[in-house]
Structures are given as C-alpha cells and as structure tokens.
Protein chains: 2
Amino acid sequence: LIDVRNLTKVYQMGDVEVNALRGVTFTAESGEFIAIMGPSGSGKSTMMDILGCLAQPTDGEYYLEGEEVGQLPDNRLAEIRNRKIGFVFQTFNLLPRTSAQHNVELPLIYAGVGRRERKRRAFEALESVGLADRVRHKSTELSGGQIQRVAIARALVTEPSIIFADEPTGNLDTKSGAEIMTIFRGLNEKGNTIIMVTHELELARHARRVLHIRDGLVERDERRNGT
Amino acid sequence: LIDVRNLTKVYQMGDVEVNALRGVTFTAESGEFIAIMGPSGSGKSTMMDILGCLAQPTDGEYYLEGEEVGQLPDNRLAEIRNRKIGFVFQTFNLLPRTSAQHNVELPLIYAGVGRRERKRRAFEALESVGLADRVRHKSTELSGGQIQRVAIARALVTEPSIIFADEPTGNLDTKSGAEIMTIFRGLNEKGNTIIMVTHELELARHARRVLHIRDGLVERDERRNGT
Ligand SMILES: Nc1ncnc2c1ncn2[C@@H]1O[C@H](COP(=O)(O)OP(=O)(O)OP(=O)(O)O)[C@@H](O)[C@H]1O
Ligand SMILES: Nc1ncnc2c1ncn2[C@@H]1O[C@H](COP(=O)(O)OP(=O)(O)OP(=O)(O)O)[C@@H](O)[C@H]1O
Ligand SMILES: [Mg+2]
Ligand SMILES: [Mg+2]
C-alpha cells in the first residue's frame with residue numbers, strides 16, 4: 001500500500017538548513033495499524049504530511065498503491081486526499097468561526113455528497129465521538145478536547161481507507177482517549193489502515209507495529225505479535 | 001492565596017444555556033503544587049481562565065491575595081496578569097507569523113523591560129525548554145511540541161509567582177514532558193505556586209494535591225503526603 005524510499009525534507013531558512021527528514025525508508029501493507037513515536041521535533045508530522053499527500057518531499061519517492069505520488073497531477077492528488085485519506089492534524093486546523101457540524105460536512109461537500117445525506121453523516125460522525133450535543137458550537141465555543149474530537153470526526157466522515165492521525169488524543173482525558181482508540185480499532189478490524197503518531201506508550205500498544213523516529217530517520221521498526 | 005467561592009459560568013447560546021461551571025469552591029495556599037484533572041468538557045479551562053484573570057465568572061467570587069478580582073479596575077487586572085501570573089494556554093495562542101524569540105519577549109515588552117535584558121531573558125527561557133536552536137523560527141516553522149514549549153517559555157519569562165498551565169505536555173514525548181515537569185518542580189521548590197491541568201496520571205503524581213473536576217463541579221479534593 002505504502003512504499004517510501006529515502007524520503008528527505010529540508011527547510012531552507014536564510015543561510016540555515018533544517019533537515020527535518022534525512023532519508024526515511026519503509027513499506028506498509030493495507031490494513032496495518034502502525035504507531036509512530038519519537039521525540040518532539042524528530043520529523044513525525046513532516047513525514048505524516050507527506051504520507052497524507054499534503055506536502056512534497058525535497059527528495060526520495062512515495063508510492064501509494066503503486067502510484068508515485070510526486071508525479072501525480074493536482075486533480076488526482078486532490079481526489080486521493082478527499083476520498084482515500086482521512087487526516088487528523090496535530091493542531092486540529094478547524095475553521096474557527098464555523099460550527100462543528102459544518103466543519104465535519106466540509107469533506108462531504110468537496111466529495112459532492114447531497115445536502116441531506118451529508119447532514120446526517122456529519123451528525124453521526126460527531127455522535128460517534130460523543131459530541132451530539134455540541135454540533136452547533138463553533139471552535140471558540142468548544143473545549144480543547146472537544147475541538148480535537150471534531151477534527152477526528154471530520155477525518156472519519158468520508159469513510160477513508162487510510163487514516164493518518166497525528167497525536168489524536170493529546171488533549172483528551174484517559175476515558176475519551178480510550179473511546180477514540182476503540183473507534184480506530186473497529187475501523188482497523190474492518191480492513192482500514194491506521195497510521196497514528198502518539199507519544200503515549202499505552203496507546204501505541206493498540207498497534208501491531210511501532211516506527212520509532214529520531215532526528216529525521218527511522219531508528220527502529222518494531223513489529224509485535226498478538227495484542 | 002486563592003479563595004474561590006461558588007464560581008459559576010454560564011454560556012448563553014441562543015435559547016440554550018451551557019453550564020460550564022456550577023459553583024466551584026476551594027482555597028489554595030501560596031507555594032502549593034496542584035493538579036487539576038477531569039473529563040473533556042468538564043470545565044477545567046473555563047476555571048483556569050477565571051483563576052488566571054482572563055475571564056469573568058457569571059456568579060461567585062474570586063479572592064486573589066485577599067483582593068476580590070471581580071471588583072478590580074482594568075489596569076490593576078492587567079498588572080496582575082503581567083507581573084504575578086504566568087499562563088500556558090491549552091491551545092498555545094502564540095502570534096503565528098512571529099518568531100519564538102519575539103513571542104517570548106512580548107510579556108517583557110509589556111512589563112517595560114529594556115531591549116538588551118529582554119533579549120537575554122527570552123533567549124534563556126527558550127534555552128531552558130530546549131529551543132536555543134529554534135529562536136528565530138515562526139510558529140508555522142515549528143513542530144507541535146516545539147510550539148507548546150514556546151508557550152511554556154513565554155509563561156515563565158516574567159518569573160511569575162503563580163503559574164497556571166493548561167495541559168502543558170499534551171504534545172510532548174515522555175522525555176520532553178519530564179523536562180518540563182523538572183522545571184515546574186524547581187520553580188515550586190523556590191516557593192512559586194503551580195496549578196496545572198493534566199490528563200496524565202503520571203504527571204499528576206508531581207503534585208501534592210489533585211482537584212478532580214466533573215460537570216462544572218469539584219468532585220473530589222485529593223491531598224497526598226510526600227512525593
Ligand atoms: N464560548 C462558549 N460557548 C458555549 N459553550 C462553551 C464555550 N466555551 C466552552 N464551552 C463549553 O463549556 C464546557 C467546558 O469547557 P472547558 O473548555 O472548560 O472544558 P475542559 O474541561 O477544559 O475540557 P478539555 O479537557 O476538553 O480541554 C464544554 O462543554 C464546552 O463545550
Ligand atoms: N516550515 C519549517 N521551516 C523550518 N523548520 C521547520 C519547519 N517545519 C518544521 N520544521 C522543523 O522540522 C523539525 C521536524 O518537525 P516536525 O513537525 O515533523 O516534528 P515532530 O516530530 O512532529 O515533533 P512534535 O512531536 O513536537 O510534534 C522540527 O525541528 C521543526 O523545528
Ligand atoms: Mg508533530
Ligand atoms: Mg481544556
């Protein structure tokens with residue numbers, strides 16, 4: 001499903017170069033549940049953005065279902081982002097002055113889903129993360145953990161086959177975090193692929209594989225048996 | 001130091017009322033280290049905003065060092081916010097198109113500190129959270145955990161006697177989170193007061209007292225001996 005080779009990302013800042021990724025190489029099969037861990041600033045979000053087709057590497061190749069993403073035309077990329085991939089951002093990235101309901105409907109609007117169906121699906125996605133009574137609140141009227149859950153609902157509403165979640169429970173109490181993991185495990189059991197950055201060892205246990213990132217490189221690829 | 005009585009906060013949304021706080025009452029002595037825990041949406045940030053003099057309650061009283069905060073004139077409130085209190089926001093609230101250095105200098109600019117001294121102090125604050133090599137980066141050029149650490153540095157740079165930290169390690173790996181707790185413990189040993197919202201039991205252990213919040217009320221006030 002995913003085949004990355006020598007992924008490199010360099011940020012140029014005047015005369016200084018920041019080497020965010022220094023040659024990341026690994027493959028992932030469809031239906032895997034992979035946790036990504038590593039120190040703050042080690043390149044996890046940078047890698048996730050490239051895998052989620054939201055950013056381009058400076059060097060290296062990324063094959064998604066056999067297609068080299070760097071060579072794809074823009075409309076094909078947009079289609080993949082909207083239909084195949086669900087992305088939960090580390091900094092949420094909701095439209096601030098817009099209700100939770102509308103934020104979660106947005107991907108369905110892009111996918112051309114009719115008004116009645118998208119209202120229903122957005123509501124159900126919010127209900128699944130415990131926010132049925134917050135659908136009309138704007139981001140400024142929600143708690144930190146509620147904003148995070150709206151971001152999760154938005155990533156799931158198009159029923160994507162690949163879910164990239166960047167620190168999806170960083171602002172959630174233990175119980176809410178466990179509820180999100182239950183949703184992810186259920187989706188994985190149905191055959192969806194989950195790639196999740198987390199800094200909590202407890203949550204990484206749900207994954208059958210952990211990629212340890214340090215200084216822009218895969219330091220260790222840990223595969224585990226059973227759960 | 002802190003004496004709150006029947007703190008109430010109601011958000012009016014059209015014909016619906018959200019009772020974020022339903023009568024919170026407790027006291028805290030100078031030099032305490034208190035953790036605040038509770039489910040997502042239970043009112044923790046709302047309470048922190050009131051304690052940090054950033055929001056007004058709908059009802060109830062808040063005495064800070066004997067003064068009833070609701071009765072204070074604006075300039076006195078601004079002075080307290082700038083000199084006495086350091087606040088780490090759950091959603092960071094940095095100026096986005098501004099460097100880490102400048103973001104951390106901002107409270108010192110308000111405090112009237114001279115240019116050379118504030119440059120030095122802002123740099124030292126960033127260095128203490130491991131960001132000496134990121135001082136010129138803007139928020140958009142920093143990782144999630146780095147943004148969080150800039151927010152922490154900004155809260156500490158005025159050397160406040162009371163630190164309110166709302167989920168200060170939600171985006172940090174275990175090691176970076178432990179480094180922040182070491183800073184907080186050091187400040188507490190010097191006599192500063194720390195009030196920290198966290199959802200991680202492991203971190204709440206650093207506190208000698210845990211206020212458990214549920215549905216806008218203090219459900220339990222847990223005091224512990226030793227560490
Ligand atoms: N401006 C607002 N208008 C309406 N409701 C609001 C507003 N701000 C917050 N709320 C609601 O008040 C409740 C308490 O919010 P608060 O941010 O204090 O929760 P919290 O305990 O910090 O949660 P979390 O752990 O998710 O950060 C939430 O249910 C939220 O939806
Ligand atoms: N636009 C940019 N310009 C310059 N440097 C950048 C930019 N974006 C990110 N960086 C740097 O690249 C490095 C990797 O960032 P990244 O966001 O991938 O880290 P991360 O592993 O997700 O960290 P965290 O756990 O804190 O979220 C960081 O050191 C960061 O400062
Ligand atoms: Mg990140
Ligand atoms: Mg909060």
Side-chain angles (χ1 to χ4, degrees), chain A residues 11-16 18 20 36-46 48-49 89-92 94 96 99 129-131 133-134 136-149 166-167 169-177 179-180 197-202 204 212-214, chain B residues 11-16 18 20 36-46 48-49 89-92 94 96 99 129-131 133-134 136-149 166-167 169-177 179-180 197-202 204 212-214:
Chain A
Y11 291 109
Q12 201 70 40
M13 290 186 67
D15 50 339
V16 175
V18 177
I36 297 178
M37 304 189 77
S40 175
S42 55
K44 306 180 296 297
S45 295
T46 301
M48 291 285 276
D49 287 347
F89 292 90
Q90 184 172 11
T91 47
F92 317 145
L94 297 184
S99 69
V129 294
L131 293 177
D133 59 352
R134 288 288 182 273
R136 283 181 18 209
H137 287 232
K138 302 179 176 59
S139 309
T140 43
E141 300 167 333
L142 291 171
S143 77
Q146 289 167 345
I147 297 171
Q148 186 155 40
R149 283 183 276 158
D166 197 345
E167 302 269 8
T169 63
N171 276 288
L172 299 180
D173 57 283
T174 312
K175 180 157 173 290
S176 306
E179 287 164 7
I180 296 304
V197 174
T198 181
H199 65 258
E200 297 188 51
L201 218 46
E202 207 38 50
H212 298 269
I213 307 290
R214 178 178 291 278
Chain B
Y11 292 110
Q12 201 69 43
M13 290 185 67
D15 50 339
V16 176
V18 177
I36 297 178
M37 303 188 77
S40 174
S42 54
K44 306 179 298 294
S45 297
T46 301
M48 291 287 276
D49 287 347
F89 292 90
Q90 185 172 10
T91 47
F92 316 146
L94 297 183
S99 70
V129 294
L131 293 176
D133 60 352
R134 288 288 181 273
R136 282 181 19 208
H137 286 233
K138 302 178 177 59
S139 309
T140 42
E141 298 167 335
L142 292 170
S143 78
Q146 290 167 345
I147 297 171
Q148 186 156 40
R149 284 183 274 158
D166 197 344
E167 303 269 7
T169 64
N171 276 289
L172 299 179
D173 56 284
T174 311
K175 180 157 173 290
S176 307
E179 286 163 9
I180 296 303
V197 174
T198 180
H199 65 256
E200 295 187 53
L201 218 46
E202 206 39 49
H212 297 269
I213 307 290
R214 177 177 291 278

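Chain A is the first sequence line, chain B the second, and so forth, proteins listed ahead of strands; every chain is numbered from 1.
Residues A:Asn171 and B:Gln90 have side chains that bring a donor and an acceptor to within less than 3.5 angstrom of each other.
Residue B:Ser45: no heavy atom, backbone or side chain, is found under 4.5 Å from chain A. Both the backbone and the side chain of A:Ser40 have a heavy atom closer than 4.5 Å to some heavy atom of chain B. Neither the backbone nor the side chain of B:Val197 comes within less than 4.5 Å of any heavy atom of chain A. Heavy atoms closer than 4.5 Å to chain B are found nowhere in A:Glu202, neither backbone nor side chain. For B:Glu200, the part sitting under 4.5 Å from any heavy atom of chain A is the side chain, from C-beta outward, and nothing else. Heavy atoms of B:Thr169 lying under 4.5 Å from chain A belong exclusively to its backbone. Using a 4.5 Å cut-off between heavy atoms, B:Gln146 touches chain A through backbone and side chain atoms alike.
Residue B:Glu167 holds its CD atom at 8.5 Å from CG of A:Asp173, rounded to the nearest 0.5 Å. To the nearest 0.5 Å, the span separating CZ on A:Arg136 from CE on B:Met13 amounts to 6.0 Å.
When all heavy atoms of B:Val18 and A:Arg134 are compared, the closest pair comes out as CG1-NH2, 3.8 Å.
Chosen from B:Gln148, B:Arg149, B:Met37, B:Glu141, the residue pairing most often with chain A at heavy-atom distances under 4.5 Å is B:Arg149.
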